[in-house]
Engineer: 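Sharing a structure here in structure tokens format.
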Amino acid sequence: MRDFENATAPLLREIVGHARSHGDRIAIRCGRNAHDYAKLARRFERVTAHLSGTHGVQPGQHVATLAANDDLQLVILLACLRLGAVWAPLDPSATPEALQHWLQQADASLIVADEANLPVAQALATQRADIRCVVLDRLIDHPAPYGLHYPDVESEVPALMLFDAEAAGKATRYRQNRLLVEDIDIAPEDNVLVALPLARFASLLLEAVPALARGATVTLLPGFTPAAWLEALANTRPTVAAVTVDMMETLRGAPGWQDADFSSLRRLTIVDGPPQLALATALVDRGVPLQMRACPQA
């Protein structure tokens, strides 16, 4: 992992360090799959090699993804960090018009899609002759080239491009040195429940990225439903989670809310604005430690 240990991006150095010092610690749970830090490091090594050696991704190039919430999305982000490329995740739940608008803003020359979203990605790619589609799973399943030398990447280069929810929204660009969010209160023993799409700011910058940097465990939900969130709360016993006000209102009206055990949570972060008094009171009455937080700005 020499090229990764020498990477400028603090996040990569941290994750490689976790893989070496406690590689058997679970890094990501997603559905029935669980990957420890050693496997996470091997995966982003392979994906990095494929993006560079097989698909010719260069520093500054923009790589879009269209895929479900899973660990491979985070692996793509890590690979882009190492190559100095810009990762631009697209939200599969968006309208075709919004996706086309975002892809144009991203100016991506490569779309990495999972099997479920490949037809949509291919349809988007037909709009421009200079865009290629890659199937996400093949970056993991196929042996990658060896002996590659990756570029030195400055910590100030653009690393991540996120889009507003509306089709007319503009992209927000983050730099590498903003991806390791220093003031996030996450410890190695935490289990962080990530329910928002990874294409949304809160999942990446308030949950998933800081958790991996700290050596904690990330529990990824493929999609948010009240039943899935409450089941994850019961089965994985998260210590940290973030939800939007709308998500929390939906949870409060869902079957199982009254019997849910929130005692494992030491922090529930509310994003997208403060909750109404009735909601905040309902959570406090259940003994849920609340925190209101805005998205970090570029």
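Numbering starts at 1 and runs along the sequence shown.
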Engineer: Does atom CZ of Arg132 have more than 12 heavy-atom neighbours from other groups under 6.0 Å away?
Structural biologist: yes

Engineer: CD1/Ile186 to OG1/Thr217 distance, rounded to the nearest 0.5 angstrom?
Structural biologist: 11.0 Å

Engineer: Examine the side chains of Gln105 and His101 and answer whether a donor and an acceptor come within less than 3.5 Å of each other.
Structural biologist: yes

Engineer: What residues form a side-chain hydrogen bond (donor to acceptor under 3.5 Å, both in side chains) with Trp229, not counting sequence neighbours?
Structural biologist: none

Engineer: Heavy-atom distance under 4.5 Å between the side chains of Leu136 and Asn117, does that happen here?
Structural biologist: no

Engineer: How long is the span from the CG atom in Asp141 to the NE2 atom in His50, to the nearest 0.5 Å?
Structural biologist: 8.5 Å

Engineer: Does Asp114 use its side chain to pair, donor to acceptor, with the backbone of Ala68 at less than 3.5 Å?
Structural biologist: yes

Engineer: For the residue pair Phe163 and Ala106, what are the closest heavy atoms and their distance?
Structural biologist: CZ-CB, 3.8 Å

Engineer: Is Val134 close to Leu51 at the side-chain level, that is, under 4.5 Å between some pair of heavy atoms?
Structural biologist: no

Engineer: Under a 4.5 Å side-chain heavy-atom rule over Ile, Leu, Val, Met, Phe, Trp and Tyr, are Ile28 and Ile26 clustered together?
Structural biologist: no

Engineer: Return the minimal non-hydrogen interatomic distance between Pro96 and Leu124, and the atom names on each side.
Structural biologist: O-CD2, 4.4 Å

Engineer: Check whether any side-chain heavy atom of Leu139 lies under 4.5 Å from a side-chain heavy atom of Ile76, and answer yes or no.
Structural biologist: yes

Engineer: Mind checking what makes side-chain hydrogen bond (donor to acceptor under 3.5 Å, both in side chains) contact with Ser52, not counting sequence neighbours?
Structural biologist: none

Engineer: With sequence neighbours excluded, tell me which residues meet side-chain contact (heavy atoms from CB on, under 4.5 Å) with Gln122.
Structural biologist: Leu118, Cys133

Engineer: Ile131 and Ala108: which non-hydrogen atoms are nearest, and at how many Å?
Structural biologist: CG1-O, 3.3 Å

Engineer: When rounded to the nearest 0.5 angstrom, what is the spacing between OG1 in Thr225 and CG in Leu230?
Structural biologist: 8.5 Å

Engineer: Asp137: what forms a salt bridge (Lys or Arg N to Asp or Glu O under 4.0 Å) with it, not counting sequence neighbours?
Structural biologist: none

Engineer: Scan residues 230-271 for pairs that pass ring-ring contact (aromatic ring centres under 6.0 Å, His included), counting only residues two or more places apart or in two chains.
Structural biologist: Trp257-Phe262

Engineer: Checking Gln58 now: which residues fulfil side-chain hydrogen bond (donor to acceptor under 3.5 Å, both in side chains) with it, not counting sequence neighbours?
Structural biologist: none

Engineer: Determine all donor-acceptor pairs shorter than 3.5 Å in which one atom belongs to a side chain in residues 241-256; sequence neighbours excluded.
Structural biologist:
unit_1: Thr244; atom_1: OG1; unit_2: Met247; atom_2: N; d: 3.0
unit_1: Glu249; atom_1: OE1; unit_2: Arg252; atom_2: NH2; d: 3.2
unit_1: Thr250; atom_1: OG1; unit_2: Asp246; atom_2: O; d: 2.9

Engineer: Among all residues two or more places apart in sequence or in another chain, which pass the ring-ring contact (aromatic ring centres under 6.0 Å, His included) test with His22?
Structural biologist: His18

Engineer: Got His142 and Thr54 here, is their nearest side-chain heavy-atom distance under 4.5 Å?
Structural biologist: no

Engineer: Report the residues that fulfil side-chain contact (heavy atoms from CB on, under 4.5 Å) with Ser93, sequence neighbours left out, ordered by chain and then residue number.
Structural biologist: Asp91

Engineer: Is there side-chain contact between Val63 and Val112, with heavy atoms separated by less than 4.5 Å?
Structural biologist: yes

Engineer: Does Val135 belong to the same Ile/Leu/Val/Met/Phe/Trp/Tyr cluster as Leu66, with side-chain heavy atoms less than 4.5 Å apart forming each link?
Structural biologist: no

Engineer: Using modelled atom types and a 3.5 Å cut-off, is there a donor and acceptor pairing between side-chain atoms of Asn69 and backbone atoms of Leu221?
Structural biologist: yes

Engineer: Rounded to the nearest 0.5 Å, what's the gap from NZ on Lys39 to CG on Asp36? Could you check?
Structural biologist: 8.0 Å

Engineer: Might you point out which heavy atoms bring Gly56 and Gln61 nearest each other, and give the distance in Å?
Structural biologist: O-OE1, 3.6 Å

Engineer: Which pair of heavy atoms, one from Ala49 and one from Leu148, lies closest together, and at what distance?
Structural biologist: O-CD1, 3.5 Å

Engineer: Would you give the length of the straight line joining atom CG of Leu283 to atom CG of Leu290, rounded to the nearest 0.5 angstrom?
Structural biologist: 5.0 Å

Engineer: For residues Val218 and Ala208, report the shortest heavy-atom separation together with the two atoms involved.
Structural biologist: CG2-O, 4.0 Å

Engineer: Does Val209 reach the side chain of Leu77, with side-chain heavy atoms less than 4.5 Å apart?
Structural biologist: yes

Engineer: Would you say Cys80 and Val86 make side-chain contact, with heavy atoms under 4.5 Å?
Structural biologist: no

Engineer: Would you give the length of the straight line joining atom CE of Met161 to atom CG of Asp107, rounded to the nearest 0.5 angstrom?
Structural biologist: 8.0 Å

Engineer: Is there a side-chain contact (heavy atoms from CB on, under 4.5 Å) between Val47 and Ile140 once you walk through the steps?
Structural biologist: CA-CA 6 Å; Val47 169; Ile140 292 293; 3.6 Å; yes

Engineer: Identify each donor-acceptor pair in which a side-chain atom of residues 188-198 lies under 3.5 Å from a protein atom, sequence neighbours left out, and give them as a table.
Structural biologist:
unit_1: Asp190; atom_1: OD1; unit_2: Thr239; atom_2: OG1; d: 2.6
unit_1: Asp190; atom_1: OD1; unit_2: Arg266; atom_2: NE; d: 3.1
unit_1: Asp190; atom_1: OD2; unit_2: Ala187; atom_2: N; d: 2.8
unit_1: Asp190; atom_1: OD2; unit_2: Arg266; atom_2: NH2; d: 2.6
unit_1: Asn191; atom_1: OD1; unit_2: Thr219; atom_2: OG1; d: 2.9
unit_1: Asn191; atom_1: ND2; unit_2: Thr236; atom_2: O; d: 2.8

Engineer: What residues form a side-chain contact (heavy atoms from CB on, under 4.5 Å) with Asn33, not counting sequence neighbours?
Structural biologist: His35

Engineer: Looking only at atom types and distance, does a side-chain atom of Arg25 sit under 3.5 Å from a main-chain N or O of Gly215, one as donor and one as acceptor?
Structural biologist: yes

Engineer: With the side chain counted from C-beta on, respond yes when Leu83 and Val153 share a heavy-atom pair under 4.5 Å apart, and no when they do not.
Structural biologist: no

Engineer: Can you check whether Val240's main-chain N or O pairs, donor with acceptor, with Arg267's side chain at less than 3.5 Å?
Structural biologist: no

Engineer: Please say yes or no: joined through hydrophobic side-chain contacts below 4.5 Å, possibly via intermediate residues, are Val120 and Leu90 part of one cluster?
Structural biologist: yes

Engineer: Quick one: list whatever passes side-chain contact (heavy atoms from CB on, under 4.5 Å) with Ala27, sequence neighbours left out.
Structural biologist: Tyr37, Leu40, Leu212

Engineer: Apply the test side-chain contact (heavy atoms from CB on, under 4.5 Å) to residues Ile15 and Phe44: give CA-CA distance (whole Å), side-chain angles for both, the deciding distance (0.1 Å), then the verdict.
Structural biologist: CA-CA 10 Å; Ile15 291 177; Phe44 82 70; 3.8 Å; yes

